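Keep in mind that what you see is a predicted model, and the values were worked out from it rather than measured.
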Amino acid sequence: MPTTVSVLSNITDFVVNEGHGVKGLSEMGLQTLPKQYIQPLEERITPTTVILDDQIPVIDMSNWDNDTKLIGEKICNAAEKWGFFQIINHDISLDVLESVKEATYRFFRQPAEEKNKHSKENSSTNNVRYGTSFTPKAEKALEWKDYLSLFYVSDEEAAALWPSALREEALDFLRNSEIVIKKLLEALMKGLNVKEIDETKESLLMGSKRINVNYYPKCPNPELTVGVGRHSDVSTLTILLQDNIGGLYVKKLDSETWVHVPPIDGALVINIGDALQIMSNGRYKSIEHRVMANGSNNRISVPIFVNPKPSDVIGPLAEVLENGEEPIYKQVLYSDYVKHFFRKAHDGKDTVDFAKIK
């Protein structure tokens, strides 16, 4: 029987503290969206702000060995003009992708008390975190999303601490993505006059990784809320596996309009993160994106965030500045940058201003 919001006296307690998440709310059959999730008008996507006749580039990686230069140019061009693109024929098998999607559902189907063992209050490590929304304590309105975030340190730590419901599948996706990530970074570095990615550069570009699994349950009033608010990622690169539902929107560069990223079977969505925007001195763009809530389907996504190490200092690369280009960004400790991002609600591109030379 459909439930009204008034039956739940404390939504935040039920969703956040008891670990039911918005999945628990959605499964109660609510007829109306709880007020805690109603976003201000300016944060909602309306049909007037969506462009239907444009899309982010789709790049075929199948001929990489014979056509490295041409494919590399397409990657760099997409990174400059869109900050987002999709790749197809990337050599990660459909089996690996399907397995991690199935494992995501398996994790979220568990009872609340099982998932809640990994919440901020209960987890034995900061590297494994189950939660809902983004930063509930800092947000004026909550986002309609649950997630599990897994910071990769080693296979041994993952074996000991990652939830068994998806451990092997998440690790498999991470391992299989390695070659693709290196190809993408190789192309992007060539575009910045970096001749080779030595050990120091590799550590700076991809010294740490995080894999998230996201669950966006069916929503009673999707037009009033968001799955994820406007933000850019703090990563070097993000590699995103979507399911077939859709709902990811990307802001078009230098405009106030948004473009939907349609699901393509077997494709991965790639986007530039703030760290690479800073290292490229603004040439590559980390772009605002957001996720719409859905009124008829549950949706999942699995992003891999490829990051500098927390102890790395990031700033414009020496190779980018060697011809006399003025730096736009200062040198910042990456862990300070990330802390600044997670201290507040999603607010578009405000975080990158933290690194700008005033």
If only atom types and distance count, is the side chain of [X] paired as donor or acceptor with the main-chain N or O of [Y] below 3.5 Å?
| X | Y | result |
| --- | --- | --- |
| Lys285 | Gly282 | yes |
| Asn294 | Ser296 | yes |
| Asn10 | Asp13 | yes |
| Thr236 | Leu205 | yes |
| Asp243 | Ile245 | yes |
| Asn66 | Asn63 | no |
| Asp67 | Leu70 | no |
| Arg106 | Ala165 | yes |
| Asp172 | Val96 | no |
| Asn244 | Pro263 | no |

With a 4.5 Å cut-off on side-chain heavy-atom distances among I, L, V, M, F, W and Y, is there a chain of contacts connecting [X] to [Y]?
| X | Y | result |
| --- | --- | --- |
| Phe151 | Met206 | no |
| Val100 | Phe108 | yes |
| Leu188 | Val58 | no |
| Ile300 | Val226 | no |

If you count every heavy atom of other residues, nucleotides or ligands that lies below 6.0 Å from [X] atom [atom1], does the total exceed 12?
| X | atom1 | result |
| --- | --- | --- |
| Ile179 | CD1 | no |
| Lys183 | NZ | yes |
| Glu199 | CD | no |
| Asp91 | CG | no |
| Asp265 | CG | no |

Where [X] and [Y] come nearest, the two heavy atoms and their spacing:
| X | Y | result |
| --- | --- | --- |
| Ala112 | Gly19 | CB-O, 3.6 Å |
| Trp82 | Pro57 | CD1-CD, 3.5 Å |
| Arg175 | Asp155 | NH2-OD2, 3.4 Å |

From [atom1] ([X]) to [atom2] ([Y]), nearest 0.5 Å:
| X | Y | atom1 | atom2 | value |
| --- | --- | --- | --- | --- |
| Ile71 | Ser62 | CD1 | OG | 6.5 Å |
| His90 | Leu97 | NE2 | CG | 5.5 Å |
| Asn271 | Thr238 | CG | OG1 | 4.0 Å |
| Leu174 | Ile211 | CG | CD1 | 4.5 Å |
| Thr225 | Glu143 | OG1 | CD | 8.0 Å |
| Leu333 | Lys339 | CG | NZ | 7.0 Å |

Does the side chain of [X] reach to within under 4.5 Å of the side chain of [Y], using non-hydrogen atoms?
| X | Y | result |
| --- | --- | --- |
| Ser301 | Tyr216 | yes |
| Val261 | Ile56 | yes |
| Phe305 | Ser208 | no |
| Ile314 | Tyr329 | no |
| Asn127 | Glu157 | yes |
| Ile239 | Ile270 | yes |
| Leu317 | Met189 | yes |
| Leu33 | Cys219 | yes |

Determine, step by step, whether Arg299 and Val291 satisfy the side chain to side chain contact (heavy atoms under 4.5 Å, CB included) criterion, reporting the C-alpha distance in whole Å, the side-chain angles of both residues, the deciding distance to 0.1 Å, and the verdict. CA-CA 10 Å; Arg299 176 182 183 264; Val291 175; 3.6 Å; yes

Checking side-chain polar atoms at under 3.5 Å, does [X] have a donor or acceptor matched by the opposite partner on [Y]?
| X | Y | result |
| --- | --- | --- |
| Ser93 | Asp95 | no |
| Asn193 | Lys195 | yes |
| Ser123 | Arg129 | no |

Please name all residues satisfying salt bridge (charged side-chain N to carboxylate O under 4.0 Å, His left out) with Lys251, sequence neighbours left out, ordered by chain then number. Glu256, Glu288

Do the rings of [X] and [Y] sit parallel, tilted or perpendicular, given the 30° and 60° boundaries?
| X | Y | result |
| --- | --- | --- |
| His289 | His231 | tilted |
| Phe107 | His118 | tilted |
| Trp144 | Tyr37 | perpendicular |
| Trp162 | Tyr152 | perpendicular |

Does the distance from a Lys or Arg side-chain N to an Asp or Glu carboxylate O, for [X] and [Y], drop under 4.0 Å?
| X | Y | value |
| --- | --- | --- |
| Lys209 | Glu178 | yes |
| Lys101 | Glu98 | yes |
| Glu73 | Lys69 | yes |
| Arg230 | Glu43 | yes |
| Lys117 | Glu114 | yes |

Using the rule given for side chain to side chain contact (heavy atoms under 4.5 Å, CB included), can you reason through Ile272 versus Ile287, listing the C-alpha separation, both sets of side-chain angles and the distance that settles it, and then say yes or no? CA-CA 7 Å; Ile272 305 302; Ile287 295 291; over 6 Å; no

Could you go through Ile197 and Leu185, starting from their C-alpha distance and side-chain angles, then the distance that decides it, and tell me whether this counts as side chain to side chain contact (heavy atoms under 4.5 Å, CB included)? CA-CA 9 Å; Ile197 300 177; Leu185 287 173; 4.1 Å; yes

Passes salt bridge (charged side-chain N to carboxylate O under 4.0 Å, His left out), Lys190 versus Glu186? Steps please. CA-CA 6 Å; Lys190 280 212 174 92; Glu186 185 187 312; 3.6 Å; yes

In this structure, which one of Glu80, Lys81, Lys74 forms a side-chain hydrogen bond (donor to acceptor under 3.5 Å, both in side chains) with Asn77? Lys81

Do Ser149 and Asn212 pass the side chain to side chain donor-acceptor pair (under 3.5 Å) test, and can you show the C-alpha distance, the side-chain angles, and the key distance before you say yes or no? CA-CA 4 Å; Ser149 184; Asn212 279 19; 2.7 Å; yes

Intermediate values then yes/no, side chain to side chain contact (heavy atoms under 4.5 Å, CB included), Asn116 and Asn17: CA-CA 8 Å; Asn116 213 27; Asn17 303 334; over 6 Å; no

